[in-house]
Trainee: 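Handing you a structure now.
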Amino acid sequence: MWDLKTRYPANFWANPDEFFLDGPLVNCGSDFGLMPSLFEPGGIVQHEFFVAGTPVLAFRTGGLKDTVHEYDATKNKGNGFTFESHDVEDFKNAFRRAYRLYQDRQRYLALRANASESVIDVADVARAWNKEFYRLWDKFYIDLSEIKEHEKEITADFDPDKVNRLEKILWPSRIERPDTDKTNRLVKKLLLRRKAGLGIFKKVQFVYKTNQLPRPKKVQVYGSFDSWHQKHDMIYHTLQHTWTLTLQLRPGEYLYGYYVDGHWKVSDNDPRLTDNSGNINNYVRVTF
């Protein structure tokens, strides 16, 4: 940047030392924001431009390709210009397209309006990253705002009998259609899903932990939830020294165990149940 400023003083200005002091002012005063980043996992700076209605010219990578879209003058769609190949010529071509549009004042102002309308709330970005972080650790992310929305669905006339009727709907071996006149809205929704053949599933996480040395090379969970049809490979987590796997299961009672390097094991950390033949298995009950 210093080199360009020195060689082209009438065409280029930069002061990287002042970026975090006057950077937002530069964003607001620019005709275009240039972001030729080779890698950009999420991208916040483009939204700093968008807040001021400044269109962005960016390489299609990471979060930039999800938020910066090529402007289509015929449809008045898009909030900037992009280039597919990270090389000088592709970058220059995108810049030429941007400059041609800039010369059409009416369309340029329409582009700025699109840029202003495409700002994503930082809270939404943070929530998306949080969900991804939880997913990487095989955890369930719970959004507090969603909990508050669900709380609105809870009616004042709740009573335990409705829970019992709900269980009878969810457990195939004990299906009993309840009196629908005073059925909770949640029950009605579940009945509609059942009628539509959508099914009802719940995420269940299986966790296997052992102090065995050397560490097992392969751990699989195997159970009655798919009629003992398949051994499911589990994922090892170095920091926790555990193997985990999350499956979508229907409500019900299931027996299961683990194959550790090909040998059948029953975990001491999970509930156990002895069947009529005297076999010991781990046990899980899935409820809605």
Trainee: Where is the tightest heavy-atom contact between A73 and R107, given as atom of each residue plus distance?
Mentor: CB-NH1, 3.6 Å
Trainee: Let me see the working for V68 and N79 under side-chain contact (heavy atoms from CB on, under 4.5 Å), right down to the final yes or no.
Mentor: CA-CA 6 Å; V68 181; N79 53 14; 4.1 Å; yes
Trainee: Evaluate side chain to side chain donor-acceptor pair (under 3.5 Å) for H237 paired with T244, printing each intermediate quantity in order.
Mentor: CA-CA 8 Å; H237 302 277; T244 67; 2.7 Å; yes
Trainee: Quick one: pull up CE in M234 and NZ in K218 and give me the separation to the nearest 0.5 Å.
Mentor: 13.0 Å
Trainee: Do W137 and Q240 come close enough that some side-chain heavy atom pair is under 4.5 Å?
Mentor: yes
Trainee: Is the charged tip of K265 near the ring of Y258: under 6.0 Å from the six-membered ring centre and within 45° of its axis?
Mentor: no
Trainee: Look at atom NZ of K5 and say whether more than 12 heavy atoms of other residues, nucleotides or ligands are closer to it than 6.0 Å.
Mentor: yes
Trainee: Under the rule for side-chain contact (heavy atoms from CB on, under 4.5 Å), what residues qualify as partners of T61, not counting sequence neighbours?
Mentor: E40, F59, L64
Trainee: Heavy atoms only: give me the nearest L101-L111 pair and the separation to one decimal.
Mentor: CD2-CD2, 3.3 Å
Trainee: Are V119 and Y71 co-members of a hydrophobic cluster defined by side-chain heavy atoms under 4.5 Å apart?
Mentor: no
Trainee: Which heavy atom of T246 sits nearest a heavy atom of K203, and at what distance?
Mentor: CG2-CB, 3.9 Å
Trainee: Can you check whether L247's main-chain N or O pairs, donor with acceptor, with H232's side chain at less than 3.5 Å?
Mentor: no
Trainee: Could you state whether Y283 and W264 fall into the same hydrophobic cluster, counting links through intermediate Ile, Leu, Val, Met, Phe, Trp or Tyr residues with side-chain heavy atoms under 4.5 angstrom apart?
Mentor: yes
Trainee: Nearest 0.5 Å, please: how far is CD in E253 from OG in S224?
Mentor: 9.5 Å
Trainee: CZ/R215 to CH2/W243 distance, rounded to the nearest 0.5 angstrom?
Mentor: 5.5 Å
Trainee: Could you tell me the separation between the CZ atom of R60 and the CD atom of E84, rounded to the nearest 0.5 Å?
Mentor: 5.0 Å
Trainee: Are the side chains of N279 and T274 in contact, using a 4.5 Å heavy-atom criterion?
Mentor: no
Trainee: Please answer whether the main-chain N or O of H229 pairs with a side-chain N or O of S227 as donor and acceptor at a distance below 3.5 Å.
Mentor: no
Trainee: What is the distance from atom CZ of F83 to atom CG of N93, rounded to the nearest 0.5 Å?
Mentor: 10.5 Å
Trainee: Looking at OG of S118 and CD of Q46, how far apart are the two atoms once the value is rounded to the nearest 0.5 Å?
Mentor: 9.0 Å
Trainee: Decide yes or no on side-chain contact (heavy atoms from CB on, under 4.5 Å) for K202 and L249, but give the supporting numbers first.
Mentor: CA-CA 5 Å; K202 182 177 181 180; L249 302 182; over 6 Å; no
Trainee: Just wondering, are more than 12 heavy atoms of other shown residues or ligands nearer than 6.0 Å to CD in Q248?
Mentor: yes
Trainee: Fit a plane to each ring of Y254 and F225, take the angle between them on a 0 to 90° scale, and name the class: parallel (under 30°), tilted (30 to 60°) or perpendicular (over 60°).
Mentor: perpendicular
Trainee: Going by side-chain hydrogen bond (donor to acceptor under 3.5 Å, both in side chains), Y256 matches just one of D226, N282, D270, N281. Which one?
Mentor: D270
Trainee: According to a 4.5 Å side-chain heavy-atom criterion applied to Ile, Leu, Val, Met, Phe, Trp and Tyr, with indirect links allowed, do L34 and F50 form part of one hydrophobic cluster?
Mentor: no
Trainee: Linking I/L/V/M/F/W/Y whenever any side-chain heavy atoms sit under 4.5 Å apart, do V219 and V221 land together?
Mentor: yes
Trainee: Counting only heavy atoms not in R97, do more than 12 sit closer than 6.0 Å to its CZ atom?
Mentor: yes
Trainee: Is it the case that the side chains of T82 and H69 hold a donor-acceptor pair, with the cut-off being a distance below 3.5 Å and no angle test?
Mentor: no
Trainee: Check this for me, if you would: do D104 and R100 make a salt bridge, where the nitrogen-to-carboxylate-oxygen distance has to be below 4.0 angstrom?
Mentor: no
Trainee: Ring-plane angle category for Y99 and F95, please: parallel below 30°, perpendicular beyond 60°, tilted otherwise.
Mentor: parallel
Trainee: With the side chain counted from C-beta on, respond yes when F206 and S267 share a heavy-atom pair under 4.5 Å apart, and no when they do not.
Mentor: no
Trainee: Closest approach of G33 and T54, non-hydrogen atoms and distance?
Mentor: N-CG2, 3.7 Å
Trainee: Where is the tightest heavy-atom contact between G80 and P55, given as atom of each residue plus distance?
Mentor: CA-CB, 4.3 Å
Trainee: Once you measure the plane-to-plane angle for W228 and Y222, does it fall in the parallel (<30°), tilted (30-60°) or perpendicular (>60°) bin?
Mentor: perpendicular
Trainee: Report yes or no: do Y102 and L57 belong to one cluster of Ile/Leu/Val/Met/Phe/Trp/Tyr joined by side chain heavy-atom distances under 4.5 Å?
Mentor: yes
Trainee: N76 vs N114, test: side-chain contact (heavy atoms from CB on, under 4.5 Å). Steps then yes/no.
Mentor: CA-CA 8 Å; N76 190 30; N114 289 356; 3.4 Å; yes
Trainee: How about Y208 and T242: do any of their side-chain heavy atoms sit closer than 4.5 Å?
Mentor: no
Trainee: Is any side-chain heavy atom of T210 closer than 4.5 Å to a side-chain heavy atom of P216?
Mentor: yes
Trainee: Can you check whether A52's main-chain N or O pairs, donor with acceptor, with R112's side chain at less than 3.5 Å?
Mentor: yes
Trainee: Between K77 and E70, is the closest basic N to carboxylate O distance under 4.0 Å?
Mentor: no
Trainee: Do the non-hydrogen side-chain atoms of R250 and V286 ever get within less than 4.5 Å of each other?
Mentor: no
